[in-house]
Amino acid sequence: MEKMRVRFAPSPTGPLHIGGARSALFNYLLAKQSGGEFIVRIEDTDLERSNRESEENILSSLQWLGIEWDEGVDKGGDKGPYRQTERMELYRTYLDQLLQNGDAYYCYCSEEELEAERKELMDKGELPRYLGKCRNLGDAERECREKEGRKPVIRFKVTPGMVVTINDMVRNHVSFESDGIGDYIIAKSDGIPTYNFAVVIDDALMEITHVVRAEEHLSNTPRQIMLYKALGLQAPKFAHISLILGKDRTKMSKRHGSTSVVQYREQGYLPEAIVNFLALLGWSPEEEEEIFTMEQLIEKFSMNRVAKNPAIFDLDKLNWINGYYIRQTPVEKITKQAIPHFQKAGLVGDNLSEAELKRLEAVVGAVQTKISHLSEIVEKADVFFNDKLELAGDKELEVLKGEQVPSVLDLLTKKLEPEEELTVETVKPILKSLTKELELGGKKVYMPLRIALTGKTQGPELFDLIPILGLDGVKNRIAQAKELAGM
Ligand code: GLU
């Protein structure tokens, strides 16, 4: 397999988006699979919107997901610097080359002039584009504009009448007519290169072999290909991966819920689950199986099985995958990850004693199979932190008023009392014996017990619950249940 050098090139203008994370993951998988390199390059030429906080968020989110890069801002590498604002001299060299070869020119048009041109074209029903007013300015005209104090941008000269074809790894052949593309800006009036220019220089100098990025960049690609040609640089292979849509088939946005990786992290999704879920957003494995570790993804991922049509972000599926990973994780580890959620809810303090930690592990173990993300754990586990029995509603009270209930509650207490230690192993047979001795069906025994101990009809298994509550806790709740039911 050809060794791939690929990159993820985020603009640090906000937290790492789910879509960005998916692009990063696909690139990472290709690099690892082919024994190549994965590079993270920070595209911060939009000085107003770029900030270090976003950069840090993006890098720490990638790290959290386990998407490690081989070269990047903090790691270094021999094709650096890896932050575009630190590469200005390199860009200048290539801008000069284009200007000298007559492939680019200074343009002095004002915003008003450009706006008037755009409007005129649109009124005629044509594509708005720059028609090349400054293409052939003579020295005198240029000087005159300079004297007026106009600060020029640099535009690339698009050859008219050409067809640029992209051989896209996902979309096959996609053609663009150069006539639809006006001479475009490659450096702004402050000398800072635009995305389309900087990305070409960087991908070429960093020897990127494959560019895998979001579909929204497809229309930029012919512009970039023209620059590779004009500069005599080798263009990489391209793959444009489809948009991520919400379930209503509109572009994934805040309306659909959380969009950044850090939000999912805060809600208690596990990185393994997010990675697994992201891989399935566009890529489909050969087999039915849907659960994959990073190692398995590295082995199985293939661009051939990346779909052209949009990927649908299905939160139910993410919850299902996350629930699976939560169940698979050892209780000690899940407890550690759940502690911040308990702390946030004020249920545990900062420094847990050994005994508190053990109890918390038991609590987590009792609800671990019942949650799809860790922030749900607080609600599911509230019964262990609140001694007051609160009935969920009238239905529960009705059950407690059943005529068999006093004997159920009393027999349980009687059987628990002599036990030296309440554990899952000692409680299980006791629970079993209740139905036999009372000659009652399970529903008549276990439902009132559950309600007496938790106030709800659903929750942790009774054999998990009782050892955690302890004999005193059980008795205390049973007393409250009796009072509520008027026994
Ligand atoms: N900075 C661009 C973005 O965040 C990168 C696009 C590309 O991968 O070329 O959208």
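Reckoned from all heavy atoms, side chains included, excluding hydrogens, waters and symmetry mates. Both ligands and their constituent atoms are indexed starting at 1 by order of listing.
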Do any N or O atoms from the side chain of D314 and from the backbone of K247 form a donor-acceptor pair under 3.5 angstrom?
no
What I want to check is whether the side chains of E113 and S110 have a donor and an acceptor closer together than 3.5 Å.
yes
Which heavy atom in M206 sits nearest to a heavy atom in R5, and how many Å separate them?
O-NE, 2.8 Å
Near V199 (heavy-atom distance under 4.0 Å), the atoms of ligand 1 are 9 (O)
Can you find an N/O atom of A9 closer than 3.5 Å to an N/O atom of ligand 1?
yes
Measure the distance from atom 10 (O) of ligand 1 to every protein heavy atom, then report the residue, atom name and distance (to 0.1 Å) of the closest one.
H217 NE2, 2.7 Å
Can you tell me if T209 and E2 form a side-chain donor-acceptor pair at under 3.5 Å?
no
Non-hydrogen atom of Y195 closer than 4.0 Å to ligand 1:
yes
For S11, the ligand 1 atoms with a heavy-atom partner under 4.0 Å come out as 1 (N), 2 (C), 3 (C), 4 (O)
When the ring planes of Y108 and Y106 are compared, do they come out parallel, tilted or perpendicular, using 30° and 60° as the limits?
tilted
Can you tell me if D202 and Y82 form a side-chain donor-acceptor pair at under 3.5 Å?
no
Short N/O distance, under 3.5 Å, between R7 and ligand 1?
yes
Counting from 1 in the order shown, the ligand 1 atoms closer than 4.0 Å to a non-hydrogen atom of E43 are 1 (N), 2 (C), 5 (C)
